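Since the structure comes first, as C-alpha cells, the remarks are kept for the end.
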Amino acid sequence: MEYVVNQIINGICQGAIYALIAIGYSIIVGVVGMVTFTYGEIVMIGAFAAYYTFQLVGTNLVLAILASFAASFIVGGIVYKLCYERFFNSPRHISLLCTIGFSILIKNLAQIIFGPDTKPMINIIENKSYTLEAFGISIVIKQLQIMVLVLVIISSVALTFLFQKTKYGIALRAVSQDKTAAYMVGINVRRTAMVGNCIGCGFGGVAGILLSIYYYSCSPLMGSSFSMKAFSSSVLGGLVDIRMSALGGLCIGIIENMGIMISSATFRDIFAFGFLIIVLIIKPTGFASSGKNRRVKSEKG
Amino acid sequence: MLKIDNLCVNYGYVQALRGISLHVEKGEIITLIGGNGAGKSTTLMAISHLVNDVEGHISFKGTDITRMHPEKIVKMGIAHVPEGRKIFPMLTVQENLLAGTFGNPSLSKAKTAELLESVYDLFPRLKERQKQNGGSLSGGEQQMLAIARGLMMDPELIMLDEPSLGLAPIIVEDIFELILKVRDRGKTVLLIEQNAAMALAVADRGYVLETGCITMSGKGQELLNNEEIAKAYLGG
C-alpha cells in the first residue's frame, strides 16, 4: 500500500512536468493552427540553457529559468519564421514536414555543439525527503518533488493570469479560436500567433529544466520522447484545450508510474501510449467536452 | 466614403465578382441584394481583404485599401460583421466585446467602458449573459453579440453580412430596427441581405448583384417598387 501511494506521488510529480510540456504544446498548436514536431528540441534547448547557466553562473535557479525561457522563446521565434510564416496558405503538411526537418537539424547541431553525451545535471537542491504519517502508512515526498510541483504551479498560475486577465490573453485566445474572425476584429493575427508560439516554446523550455533536474541529466536526444509525450497529452486534452491538456499530462504521468509498479521501468512508454490509444478509442475527442475545440483549421494567413 | 471600382475576385478558376463598382457615402444605409452565390459576401470579404485574388480598386476615405493588411483595414474604421456570426465561442460575452475594441487602438479605457455601456444598452440580453461563453448563446443572441462586437470598435463603416439569417421573424424585426438605430448614431451601414424586402425598406440606396455583376441600382424605395425585383426577390 505504501508503495502504491508513493508511486502515485511520483506519478503526480512526473505528470506535472508532462502537464507543463503539454500546456506549451497546446498553446502553440492553438495559436499557430498547425502541429509542431520541433517542440521536443525546444524542451531540450531549455534544459541545456539551464545546464550552462549552472556551469557558468552557479546554482541560481531563477536565473536558469529565465535563461531557459529566453533561449526557447528565441528558438521558437526562428521555428515560426522558418516553418510557419511562409506556409500559412500552403497545404498543411508542408509546414509539418518543415518542423520535422528543423527538429532533425537542431538535434544534430546540438550534438555537435554540446557534445553527444548525456550530461549530469548539478544537484541544485538538497537530497532530502519528508515522511508523512497518515492512515497508518508513511508517505515519502522528496524536496525535489515539492520544488518541481511548486514551479509547475507557479508557471500555470502565471499563464492563467496572462491568458485570462490581460488584453493580450484575449487576443491570443481569439486567434486560437477563429483566425478569420480575429482578422475581422483587427487583431494582427500573424504577430499574435508568433508571440503565442514563442510563449508556448518558453514554457516548454521551463519544463526542460524541470525534466533535467528531475532526472539529474540532459542530452541532445532527450527531446524526442518528451515531444511524443507532450503530443499525447495534448491529444488526450483535445489538442488545443490548455487545461485539458494539462490534465492529460498529469494522467499520463500517473499511468506510467502505475504501470512501472506492476512491470518494469523499460515498459514506461507502452503504458503512456497504450493509455492514449484506449482513451481515443472510447472517446475520440479526448477529455474535451465537444469535438468542436479539437478542430484545428488552417485559415487564410 | 467607400468607393469600389471595377472589382474582380477569383476563387481558383471561378470568377466570383466580374468588375463591380459601387460607392457608399457617409451616413447612408446601403444594401446589396441578390441570390445565393451572387457574390455579396465576397464583396465584403474583398473589402476586408480576406480573399487573395483581387483585381480593381477599393478606397476608403480616399486611401487605397485594396491590398492593405486585414488588421490595418479594420483600424481604418471598417467593422465587418461576418455571415454565420463568427463570434469567439470560448470567450465570454464580455471578452468577445473587448476583442472588438482591438481594431481601434485609439480607444481610451474610459471610452471603452462607455462603449460597453452603450452596447449593453442596445442589447440588454447580452448584459445578462456577460459572463457566459459566446458559444452557449442562442442563434439570435450570437447575432446580437456579433453586431455588438462590431460596434465596440466605434467604426465609421459597419458591414453586416446576412444579419437576419436563420433568425425568427420577430428577432429579424429587432435586428432591422437596430440597424436604423446604428445609423442614427452617425455610422454608415453596408448591409447584405437575403431578406430583400426588409433590407430595401430600411436602405437609402440598394444594389442588385447577379452572378458577380451589378444589374441594377437605385434608391431603396424605387427598387422596392421595381417589378423585376419584385418578381425575382420579393416573391411578388
Side-chain angles (χ1 to χ4, degrees), chain A residues 26-27 30-31 33 85 87-91 160 162-196 237-245 288-301, chain B residues 11 44-45 47-53 68-92 94-107 109 112 133-136 142 145-146 148-155 158-161:
Chain A
S26 292
I27 297 174
V31 296
E85 197 170 64
F87 303 121
F88 273 116
N89 294 327
S90 318
T160 308
L162 171 74
F163 267 67
Q164 301 293 335
K165 299 285 172 216
T166 67
K167 214 175 147 179
Y168 211 79
I170 296 180
L172 280 168
R173 282 187 291 152
V175 168
S176 166
Q177 287 169 31
D178 193 330
K179 292 193 175 50
T180 311
Y183 274 117
M184 283 172 177
V185 297
I187 295 172
N188 187 337
V189 173
R190 283 173 182 235
R191 203 177 55 205
T192 309
M194 173 160 145
V195 174
L239 214 51
V240 294
D241 188 322
I242 293 171
R243 280 179 209 152
M244 287 298 155
S245 297
S289 51
S290 72
K292 213 174 167 188
N293 312 331
R294 181 151 196 273
R295 200 178 51 212
V296 183
K297 292 179 292 185
S298 75
E299 309 269 356
K300 181 197 179 296
Chain B
Y11 290 122
L44 296 197
M45 296 292 269
I47 296 171
S48 294
H49 197 192
L50 293 168
V51 285
N52 281 323
D53 199 347
M68 210 180 246
H69 279 297
E71 73 269 4
K72 291 211 176 105
I73 294 174
V74 177
K75 285 180 180 135
M76 299 272 303
I78 301 180
H80 187 164
V81 179
E83 185 179 1
R85 296 143 200 164
K86 282 206 167 286
I87 54 155
F88 301 111
M90 305 296 283
L91 295 186
T92 65
Q94 178 116 340
E95 286 168 339
N96 262 288
L97 292 174
L98 288 176
T101 62
F102 293 157
N104 188 349
S106 66
L107 286 179
K109 262 213 169 114
T112 306
N133 273 355
S136 71
Q142 289 192 9
L145 180 56
R149 189 182 67 188
L151 290 172
M152 277 304 287
M153 62 170 280
D154 200 14
I158 181 160
M159 308 194 291
L160 303 170
D161 196 343

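Below, each value reflects all heavy atoms present in this structure, side chains not excepted, and no hydrogens, waters or symmetry copies. Not measured: the values here are computed from a predicted model.
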Among B:Asn96, B:Asn104, B:Leu91, the residue with the most heavy-atom pairs under 4.5 Å to chain A is B:Leu91
NZ of A:Lys179 to CG of B:Leu50, rounded to nearest 0.5 Å, is 14.0 Å
The reported gap from NE2 in B:His80 to OH in A:Tyr183 (rounded to nearest 0.5 angstrom) is 14.5 Å
Any ion pair linking A:Arg191 and B:Glu71 (charged N to carboxylate O, less than 4.0 Å)? no
The interface call for B:Met159 against chain A, heavy-atom contacts under 4.5 Å, is neither
If one checks every heavy atom of B:Ala79 against chain A at 4.5 Å, the contacting part turns out to be neither
Smallest heavy-atom separation, A:Arg173 atom then B:Glu95 atom, equals NH2-OE2, 2.7 Å
Max heavy-atom pairs within cutoff under 4.5 Å with chain A, candidates B:His69, B:Arg149, B:Met153, goes to B:Arg149
So NZ of B:Lys75 and CG of A:Asn188: to nearest 0.5 Å the spacing works out to 6.0 Å
Check: Do B:Phe88 and A:Ile170 touch side chain to side chain, with heavy atoms closer than 4.5 Å?
Finding: no
For B:Glu83, the salt bridge (Lys or Arg N to Asp or Glu O under 4.0 Å) test, sequence neighbours excluded, returns none
The reported gap from CD in A:Gln177 to CE in B:Met90 (rounded to nearest 0.5 angstrom) is 6.5 Å
